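From a predicted model like this one, the values you see are computed outputs, not experimental measurements. Every chain is numbered from 1 and lettered A, B, ... according to where its sequence line falls, protein lines coming before strand lines. In what follows, every heavy atom counts, from backbone to side chain, and hydrogens, waters and symmetry copies are set aside.
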Protein chains: 2
Amino acid sequence: MREQLREKMAGEIALSDEPGKTIRKWREQFKVSQQDLARQLDVSPSVISDYEAGRRKSPGIVTVKRIVDALISLDEMAGGHVMKQYTLANVAEAVIAIKEFSEDVLMTNFLKTIEGENLTPQVQIDRHLHGYTVIDSIKAITSLDSFDYLKIYGWSSQRALIFTGVKFGRSPMIAIRAHPLKPAMVVYQRPEKVDELAVKLAEIENIPLIRTSLDIPVLIERLNKL
Amino acid sequence: MREQLREKMAGEIALSDEPGKTIRKWREQFKVSQQDLARQLDVSPSVISDYEAGRRKSPGIVTVKRIVDALISLDEMAGGHVMKQYTLANVAEAVIAIKEFSEDVLMTNFLKTIEGENLTPQVQIDRHLHGYTVIDSIKAITSLDSFDYLKIYGWSSQRALIFTGVKFGRSPMIAIRAHPLKPAMVVYQRPEKVDELAVKLAEIENIPLIRTSLDIPVLIERLNKL
DNA sequence: TCTGGTAATCGTCAATCGACGATTCAAGTC
DNA sequence: GACTTGAATCGTCGATTGACGATTACCAGA
């Protein structure tokens, strides 16, 4: 993952309109002072300040590389704390919780547990669930990646997909509709509103669409008991 | 994904010891001539050649950005063919097949279907499976990413993990051992050899370790019937 | 109030970049 | 053999970077 992070940092800085600000952002992420960074790089602290202030509009890639590596090295010397964040955190960015049940769970029980309200009364809820995935839909959408992960790993015929941060509930259903592998159940956690279209799509797909008003920590806790 | 690719390209170029070669690599990926690229950038072709030849040891990030954007723009104008490669291909790189069963499958049936030989006779195989994932272990290892995806999405207590391209079978078991979430069964498809350590680890974890001699297409076909 | 840690600003200068254009090669292909 | 097309090499030159050090400014504590 080290390489990944290095590349991301370098890429971000290189593409930034204000590389200085991006450098600063990362330096702050790593909780390193300009001085410490300067020491690690064996340059004067003013150099760092100049970069961050944007005095150089297009620093050379060697400079960028040196800065990135210095930050990562400093972090490693201090235990690699920051890097760890960007390992799991990034990959799992959009996934808040995930679990496979050791024994199948009835949808009706699942509903009771999360205090869910069925928005699609026509759809049968007599099936079983093998597991669930709780997804931060904002993050899933902004980092398209995550959506792709989900497409491949997280969506399966026998699990509940729980979306948090839902506005109208259209995008998740559209994504589901576009994909061959369907979840057995879709849950919106405290949606602002649930669009008609979302309900209609769920009915077409024959997937029960559930709304719950539990907040995330409570929801997670309840789910853990299953 | 566009942003992702941009960042990756910029990052790679920025971190490269020979940025010129990396620029060339990408230009060739995009199947663009130096001249076309130069035209897109509105500079003389010799400029590109100079960069690729390494005449500038540390090009400024603005230059890098311009080159990256030019390549992507050219690709987009031509239909975005190259970019598409870097979308799904990359994410799914290591996953050859994946499926959740609609109904549980007994391990013994699973074994019969794939003509599997149990290398761990002590371990019980009376459990059920919810699904399986077929993984190209070479790709999974070289692109560390994929291994991380798996950690989070693909590994679950009730599924079979099928590894292809196995040399000694140590790495997959070690990775499994290191991770809290365990598969219910591990299958090696035509391993060159199966190391003692791998078997021992499987026993410790109480995960049946299976060997199959089916080749990949046949294996997939059989699995599809489940 | 003084001090130490952190950061900003700026003048300066050698080194390097960014770009051009002229020239030379290497392969096709007409 | 003449003619494109793609690429390499290099001298040149103005513009910018990379780095320093001096100076200033802003806190938070002792």
Side-chain angles (χ1 to χ4, degrees), chain A residues 9-71 73-75 77-78 82, chain B residues 9-75 77-78 81-82:
Chain A
M9 290 171 69
E12 238 181 54
I13 294 170
L15 292 177
S16 170
D17 281 330
E18 290 165 295
K21 291 213 174 138
T22 311
I23 291 172
R24 165 168 295 155
K25 176 191 121 183
W26 282 107
R27 179 176 62 76
E28 285 171 351
Q29 281 281 314
F30 280 86
K31 301 213 169 94
V32 171
S33 71
Q34 289 184 349
Q35 336 232 13
D36 288 342
L37 179 55
R39 209 169 304 128
Q40 173 72 14
L41 285 167
D42 201 29
V43 297
S44 158
S46 70
V47 172
I48 309 298
S49 180
D50 278 345
Y51 280 118
E52 292 190 359
R55 200 178 182 198
R56 308 270 172 267
K57 283 155 201 164
S58 176
I61 61 169
V62 168
T63 308
V64 172
K65 198 197 312 188
R66 296 208 317 136
I67 292 175
V68 166
D69 285 340
L71 285 174
S73 292
L74 282 172
D75 184 53
M77 288 189 287
V82 176
Chain B
M9 290 171 67
E12 239 181 53
I13 293 170
L15 292 178
S16 170
D17 281 330
E18 291 164 295
K21 291 211 175 141
T22 311
I23 291 172
R24 165 168 296 154
K25 175 191 123 182
W26 282 106
R27 179 177 60 76
E28 286 171 349
Q29 281 281 315
F30 280 87
K31 300 213 169 98
V32 171
S33 71
Q34 289 184 351
Q35 337 232 12
D36 287 342
L37 179 54
R39 208 170 303 127
Q40 174 73 14
L41 285 167
D42 202 27
V43 298
S44 158
S46 70
V47 172
I48 309 297
S49 180
D50 278 345
Y51 280 119
E52 292 190 359
R55 201 176 182 201
R56 307 269 171 269
K57 283 155 201 166
S58 176
I61 61 169
V62 168
T63 308
V64 172
K65 198 194 318 187
R66 297 211 313 138
I67 291 175
V68 165
D69 286 340
L71 285 174
I72 292 185
S73 292
L74 282 172
D75 184 53
M77 287 189 289
H81 194 265
V82 176

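Under the rule for a side-chain hydrogen bond (donor to acceptor under 3.5 Å, both in side chains), A/Q35 has no partner lying at least two apart in sequence or in another chain. With sequence neighbours excluded, the residues satisfying side-chain contact (heavy atoms from CB on, under 4.5 Å) with B/S73 are B/Q40. Shown here are the side-chain hydrogen bond (donor to acceptor under 3.5 Å, both in side chains) partners of A/S33, two or more places apart in sequence or in another chain: A/D36. By the side-chain hydrogen bond (donor to acceptor under 3.5 Å, both in side chains) test, A/T22 pairs with A/S16, sequence neighbours left out. With sequence neighbours excluded, no residue forms a salt bridge (Lys or Arg N to Asp or Glu O under 4.0 Å) with B/E28. Not a single side-chain hydrogen bond (donor to acceptor under 3.5 Å, both in side chains) links A/S58 to another residue, sequence neighbours left out. Residues passing the salt bridge (Lys or Arg N to Asp or Glu O under 4.0 Å) test with B/D42, sequence neighbours excluded: none.
For the pair B/R55 CZ and D/dA7 P, the computed distance is 18 Å after rounding to whole Å. For the pair B/Q34 CD and D/dA7 P, the computed distance is 5 Å after rounding to whole Å. Going from atom CZ of A/R56 over to atom C1' of D/dG18 covers 6 Å, rounded to whole Å.
For B/R24 against D/dG6, a side-chain-to-base donor-acceptor contact under 3.5 Å is absent.
Of the residues in residues 37-50 of chain A, those lying under 4.0 Å from DNA chain C by heavy-atom distance are A/S46, A/S49, A/D50. Contacts between residues 61-73 of chain B and DNA chain D, defined by a heavy-atom separation under 4.0 Å, are absent. At a non-hydrogen distance threshold of 4.0 Å, nothing from residues 15-23 of chain A comes into contact with DNA chain C.
Among residues at least two apart or in separate chains, salt bridge (charged side-chain N to carboxylate O under 4.0 Å, His left out) pairs with a member in residues 43-57 of chain A are A/R24-A/E52, A/R27-A/E52, A/D50-A/R55.
A/Y51 has no side-chain polar atom (N or O) that falls below the 4.0 Å cut-off from OP1 or OP2 of D/dT17. A close approach under 4.0 Å does not occur between any side-chain nitrogen or oxygen of B/Q35 and OP1 or OP2 of D/dT5.
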task = For the pair A/W26 and A/I67, evaluate side chain to side chain contact (heavy atoms under 4.5 Å, CB included) and give the outcome as yes or no after the intermediate values.
result = CA-CA 10 Å; A/W26 282 107; A/I67 292 175; over 6 Å; no
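One finds the CG atom of B/D75 at 9.5 Å from the CE atom of B/M77 (value rounded to the nearest 0.5 Å).
The two atoms that bring B/F30 and B/L71 nearest to each other are CD2-O, 3.7 Å, heavy atoms only. A/I13 and B/I61 get closest at one heavy-atom pair: O-CD1, 3.6 Å. The shortest non-hydrogen separation linking B/P45 to B/A38 is CA-CB, 3.6 Å.
Taking every nucleotide of DNA chain C with any atom under 4.0 Å from a non-hydrogen atom of chain A, the first and last of them, 5' to 3', are C/dT6 to C/dT12.
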